[in-house]
Amino acid sequence: MTCLCRDEQGAIAVSYPRELEHLLEARTDPAKDSAWSEFLVAFHRLLLHTARTVLRDEDDVRDAYAEMLERLRANDFARLRNFTDDGRTRFTTWLVVVARRLCVDSYRRRYGRTNGGDMSAGQKARHALQETQWSAVDPAVLASTAELPDVLLEERERHEALQRAMKGLDARDRMLLALRFKEDQTAIAIARLMGFPTPFHVYRRLTTVLGVLRESLGHAGVDGLLR
Amino acid sequence: MDGLNHPDPQQQARYLDHGCTPEERTIIEAHCAVCAECRAELIESHLVLRTAPSAVSGRRPVYIVPLAAAAVMTVFLLPRGHRPPIAVDREPGVVTAMGPVLAMPTGDVSALSTLTWTRVAGADAYQPTVFDSAGTVLWTVVTTDTSVAVPVTLRRANSRDYYWTVRARTGWDRWVTSSLTRFRIVGGAATP
């Protein structure tokens with residue numbers, strides 16, 4: 001499906017989904033209503049699925065979905081006009097990202113943005129566990145010796161050494177570690193998200209990166225932090 | 001893009017579609033490595049896309065029948081050496097299940113009142129769908145039974161080729177689909 005979108009230099013061919021094309025080209029109110037209906041027929045399942053994935057409660061889903069439609073339609077479909085077909089982005093992918101943001105906005109408007117309030121219980125537990133792991137200090141020992149300055153100092157030094165070692169990694173490796181250990185994503189999910197050919201490539205890269213981190217920490221005199 | 005400049009939806013979508021340039025990808029990954037919010041956005045959007053029932057609903061491509069035929073022919077005609085390698089990054093633990101077998105109607109029938117197919121072990125829902133020869137969906141429904149009455153409009157549809165298929169839900173977001181089967185109501189004996 002091709003339409004011509006004119007810019008200052010002249011006409012350039014841009015391809016959009018048929019439904020979006022009709023929507024953006026509609027001039028009269030009846031034409032807009034009709035194009036909007038066509039757009040919804042085509043994409044309502046994707047939008048609803050997005051809301052159901054982001055929000056668990058069915059009432060929240062319904063509210064967010066209604067609000068999402070309202071905001072997509074607002075100001076003569078201003079949000080939808082932001083999509084640019086650069087030949088490297090699918091409209092449905094872009095629509096999911098936008099719809100997800102609208103759902104999160106809707107949720108936050110209703111319940112507010114609390115510290116960690118947007119995280120599921122599982123995410124909170126993982127973050128708590130991760131904090132414990134990275135600190136590499138037994139919480140029981142820490143509780144009984146928290147007053148001792150040398151214990152706190154040692155923990156802080158280890159943490160700083162780890163941060164320095166992490167900064168020496170490539171952005172892609174830092175992202176890989178964050179997805180695996182902070183977000184607890186599976187190798188399959190990471191491979192798909194980051195574009196690794198297979199999960200085995202993820203495992204191999206993780207092994208390599210952790211080896212590099214261990215070596216960096218060893219040079220800094222910190223041992224046993226990463227098992 | 002530093003810690004305060006989050007990727008816009010276009011950049012996020014491009015990353016999810018693996019359409020970024022290496023430089024752009026590095027910038028986004030450097031940001032997402034430290035920004036939990038953007039990381040969550042990528043993960044959730046990716047999850048939505050991966051589990052989406054269908055990107056575009058309510059519309060079937062008109063070329064579905066020839067495409068299905070071409071796909072079947074390709075399987076049989078393509079030399080073994082040219083077959084693509086089996087993907088190794090599939091989800092683990094997928095149990096192979098045969099799709100339902102369509103019992104009735106098949107081929108030329110004198111009347112149409114119900115669609116009937118075989119049960120699939122472990123399936124808790126079935127979705128029969130009827131298409132016309134252009135691939136347009138004429139009717140679909142979700143049921144727990146292996147037989148369903150068709151609407152009156154379909155019963156009166158005479159002397160044309162129609163196709164139907166049934167998919168069975170065998171687990172959360174897992175479906176197995178039957179083959180596409182043709183039928184035609186001949187003789188004008190429409191069932192009331």
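Residue numbers start from 1 in every chain, and the chains themselves are labelled A, B, ... in the order their sequence lines are given, proteins ahead of strands.
Of all heavy-atom pairs between B:Pro9 and A:Val98, the closest is CB-CG2, 3.8 Å. Among all heavy-atom pairs drawn from A:Leu46 and B:Ala52, the shortest one is CD1-CB, 3.8 Å. Annotation for B:His18 and A:Leu193: closest pair CE1-O, 3.1 Å, computed over non-hydrogen atoms. The two atoms that bring A:Ala178 and B:Ala33 nearest to each other are CB-O, 4.0 Å, heavy atoms only. For B:Ser45 against A:Val96, the heavy-atom pair with the smallest separation is O-CG1, 3.8 Å.
B:Gln10 places a side-chain N or O within donor-acceptor distance of the main-chain N or O of A:Thr84, the cut-off being under 3.5 Å. Proximity of a side-chain donor or acceptor of B:Asp17 to a complementary backbone N or O of A:Thr89 within less than 3.5 Å is not detected.
With chain B as the partner, the residue from A:Asn82, A:Asp86, A:Val54 showing the most heavy-atom pairs under 4.5 Å is A:Asp86.
To the nearest 0.5 angstrom, B:Ile43 atom CD1 is 8.5 Å from A:Ile190 atom CD1. For the atom pair CG (B:Leu42) and CE (A:Met175), the distance works out to 5.0 Å, reported to the nearest 0.5 Å. To the nearest 0.5 Å, the span separating CZ on A:Arg100 from CG on B:Leu47 amounts to 10.5 Å. With rounding to the nearest 0.5 Å, the separation of CE in A:Met194 from CG in B:Leu16 is 12.0 Å.
Dense packing is recorded around CG of B:Asp124, with more than 12 heavy atoms of other residues, nucleotides or ligands lying under 6.0 Å away. Residue-environment remark: CZ (A:Arg90) stays at or below the threshold of 12 foreign heavy atoms within 6.0 Å.
Between A:Val97 and the choices B:Glu44, B:Gln11, B:Gln12, the side chain to side chain contact (heavy atoms under 4.5 Å, CB included) rule is met once, by B:Gln12.
For the salt bridge (charged side-chain N to carboxylate O under 4.0 Å, His left out) test, no residue two or more places apart in sequence or in another chain qualifies with A:Arg174.
Contact of the A:Gln185 side chain with the B:Arg39 side chain is not registered, since no non-hydrogen atoms from C-beta on lie closer than 4.5 Å.
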Verdict with reasoning, A:Arg88 to B:Thr21, per side chain to side chain contact (heavy atoms under 4.5 Å, CB included): CA-CA 10 Å; A:Arg88 296 178 291 150; B:Thr21 61; 3.5 Å; yes

